[in-house]
Amino acid sequence: MFSGSPVRKTAGALARSLWEASRRRVVPALDRASTRVQLDFPLLEAVLTQLEPTLSLRTVRAEVVAIVEETADTRSFWLRPNARFGSFKPGSFVNVRLRIDGRMLERSYSLSAAPRRDGLICLTVKRVPGGLCSSYLADRVHVGQVLELSAPQGRFLLPDVVPDRVLMLSAGSGITPVMAMLRELVARRSKAQVVFMHFARTPEDVIFRAELMEIAREHPNVKLVLCVEEAGASADAWQGAVGRFREPLLVQHAPEFRELDTFLCGPSGFMQAVMSCFEQADADLSKRRYARFNVELDAGRFLDHAQVIRFLRSGAESVSNRPRTILEEAERAGLRVESGCRAGNCGTCRCRKKSGVVVDVTTGIESSSAAEFIYPCVSVARGTVEVEL
């Protein structure tokens with residue numbers, strides 16, 4: 001039996017080929033054009049989605065193009081986002097919105113890769129016991145699936161001008177944002193001297209272990225220090241350190257740690273141990289940049305002589321053990337605050353303090369902890385202070 005005319009088959013194949021060629025030109029143009037509008041037009045949105053699942057007039061969508069198993073409980077999801085995603089800096093995070101069993105859930109995950117020419121981004125997710133979203137990503141998300149994301153955000157970012165010497169400290173899945181920073185430095189062929197210290201439970205739990213070792217071999221300016229709580233079955237072959245974070249290990253591998261610009265990310269217990277170590281060593285805490293897993297982590301509660309300032313409008317936070325004014329800390333955090341006399345007279349920098357205690361350096365008067373207006377240029381924080389800047 002004949003399944004059909006050869007001419008018909010050839011014509012059909014040609015039509016499909018022409019359609020695909022046209023689609024490859026049209027879809028990118030529509031994607032770029034969509035970033036110039038913000039419409040809530042369900043019918044048009046549905047038409048665009050039929051043409052290409054990632055097209056949208058209002059949301060960031062990204063197609064899963066590859067899934068890489070990093071460890072037994074950690075996977076990297078390589079995604080191709082639409083043009084609404086925009087650009088980002090290493091250290092940024094995104095919110096992933098997932099519909100799981102009828103419920104819409106949202107979780108934040110750091111981008112673990114540096115910006116790439118092909119536009120791909122990467123989320124590296126560690127399964128959390130009992131975690132709905134991490135389990136869904138690990139077990140149910142597949143190549144070809146389209147996820148909804150937020151635009152990239154965050155203030156734990158690699159600066160445009162990288163210091164000559166950098167210390168990077170991470171534990172567990174807290175490695176993801178600092179790995180993005182390291183990948184960016186490697187891509188830039190940066191000459192910055194980097195000490196990269198990562199802590200994990202076992203050698204098998206070290207995320208990106210093979211890539212980290214390759215980077216250290218090929219880039220003499222990168223010193224890699226891996227430390228595990230227990231070597232286990234790998235004890236005979238394990239070449240790294242064993243134990244938890246401790247100051248002697250820091251002194252051994254980064255003896256000038258007090259002066260180094262430091263990027264820190266990990267679970268709250270690890271963060272507390274590191275920051276307490278820096279405080280006891282009288283290092284300038286304002287040179288420590290950090291990302292918190294737990295939004296309730298308050299450095300002011302476990303550091304004896306530190307001031308924590310939360311800038312509510314910008315989302316920035318500073319930790320310092322030096323007697324700097326709130327204005328000076330804001331400027332060090334990269335905020336632009338209008339100011340004039342810088343002596344508490346003109347009122348240009350006046351802002352609302354939501355909570356916390358400040359001391360006026362011109363009078364020595366200590367404020368109450370209630371909400372009130374202050375002059376940041378002459379106010380020094382005591383403990384944790386929240387200001388509307």
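Heads up: numbering here begins at 1 and tracks the sequence. Values reported hereafter were calculated over all heavy atoms of this structure, with side chains retained and with hydrogens, waters and symmetry mates removed.
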Next item on the list: Test Ser355 against every option in Glu372, Arg310, Glu386 by the side chain to side chain contact (heavy atoms under 4.5 Å, CB included) rule and name the one that passes.
Entry: Glu386

Notebook entry, point to check: Can you find a pair of side-chain heavy atoms, one from Met181 and one from Val166, that are under 4.5 Å apart?
Noted result: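 The answer is no, as the side chains (C-beta and beyond) never meet within the 4.5 Å cut-off.
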
[X]-[Y] side chain donor-acceptor pair, cut-off 3.5 Å:
| X | Y | result |
| --- | --- | --- |
| Glu106 | Asn95 | yes |
| Glu148 | Thr59 | no |
| Thr348 | Glu338 | no |
| Ser286 | Arg324 | yes |
| Thr124 | Ser76 | yes |

Backbone N/O of [Y] and side chain of [X]: donor-acceptor pair under 3.5 Å:
| X | Y | answer |
| --- | --- | --- |
| Glu211 | Phe208 | no |
| Lys287 | Glu259 | yes |
| Asp73 | Lys126 | no |
| Asn321 | Glu279 | no |
| Arg75 | Thr71 | no |
| Arg183 | Ser112 | yes |
| Arg246 | Arg244 | yes |
| Asp261 | Arg289 | no |
| Asn82 | Thr54 | yes |
| Arg84 | Leu57 | yes |

Show the nearest heavy-atom pair for residues [X] and [Y], with the distance to one decimal.
| X | Y | result |
| --- | --- | --- |
| Ile207 | Leu212 | O-CD1, 3.9 Å |
| Leu250 | Cys277 | CD2-SG, 4.1 Å |
| Met271 | Gly266 | CG-O, 3.3 Å |
| Val64 | His142 | CB-O, 3.6 Å |
| Leu335 | Ala316 | CD1-CB, 3.8 Å |
| Ala171 | Pro267 | O-CD, 3.6 Å |

Note to self: What verdict does the side-chain contact (heavy atoms from CB on, under 4.5 Å) test give for Leu123 and Leu147, after you've listed the backbone C-alpha separation in whole Å, the side-chain angles of each residue and the deciding distance to 0.1 Å?
What the structure shows: CA-CA 12 Å; Leu123 301 178; Leu147 303 178; 5.5 Å; no

Less than 4.0 Å between a side-chain N and a carboxylate O, is that true for [Y] and [X]?
| X | Y | answer |
| --- | --- | --- |
| Arg188 | Glu184 | yes |
| Glu229 | Arg201 | no |
| Arg80 | Asp118 | no |

Next item on the list: Start with the C-alpha distance between Gln307 and Glu329, add both sets of side-chain angles, then the distance that settles side-chain contact (heavy atoms from CB on, under 4.5 Å), and finish with yes or no.
Entry: CA-CA 10 Å; Gln307 301 85 43; Glu329 290 295 341; 5.8 Å; no

Notebook entry, point to check: Between Phe85 and Phe88, how do the two ring planes meet: parallel, tilted or perpendicular, split at 30° and 60°?
Noted result: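 Plane angle over 60°, so perpendicular.
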
Check: Relative to the ring of Phe270, is the ring of Phe199 parallel (under 30°), tilted (30 to 60°) or perpendicular (over 60°)?
Finding: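 Geometry flag for Phe270 against Phe199: tilted rings.
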
Counting only heavy atoms not in [X] (residues, nucleotides, ligands), do more than 12 fall under 6.0 Å from its [atom1]?
| X | atom1 | answer |
| --- | --- | --- |
| Arg382 | CZ | no |
| Arg140 | CZ | yes |
| Asp164 | CG | no |

Check: When rounded to the nearest 0.5 angstrom, what is the spacing between CH2 in Trp238 and CD in Glu230?
Finding: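 Result: 12.5 Å between the selected atoms.
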
Next item on the list: Please assess Lys353 against Ile326 for the test side-chain contact (heavy atoms from CB on, under 4.5 Å), listing each intermediate value before the final yes or no.
Entry: CA-CA 11 Å; Lys353 169 178 69 70; Ile326 290 176; over 6 Å; no

Next item on the list: Walk me through it: do Val387 and Val358 pass the test side-chain contact (heavy atoms from CB on, under 4.5 Å)?
Entry: CA-CA 11 Å; Val387 294; Val358 300; 5.9 Å; no

Note to self: Hydrophobic clusters here meaning ILVMFWY residues chained together by side-chain heavy-atom distances under 4.5 Å, can you tell me if Leu389 and Val357 are in one?
What the structure shows: no

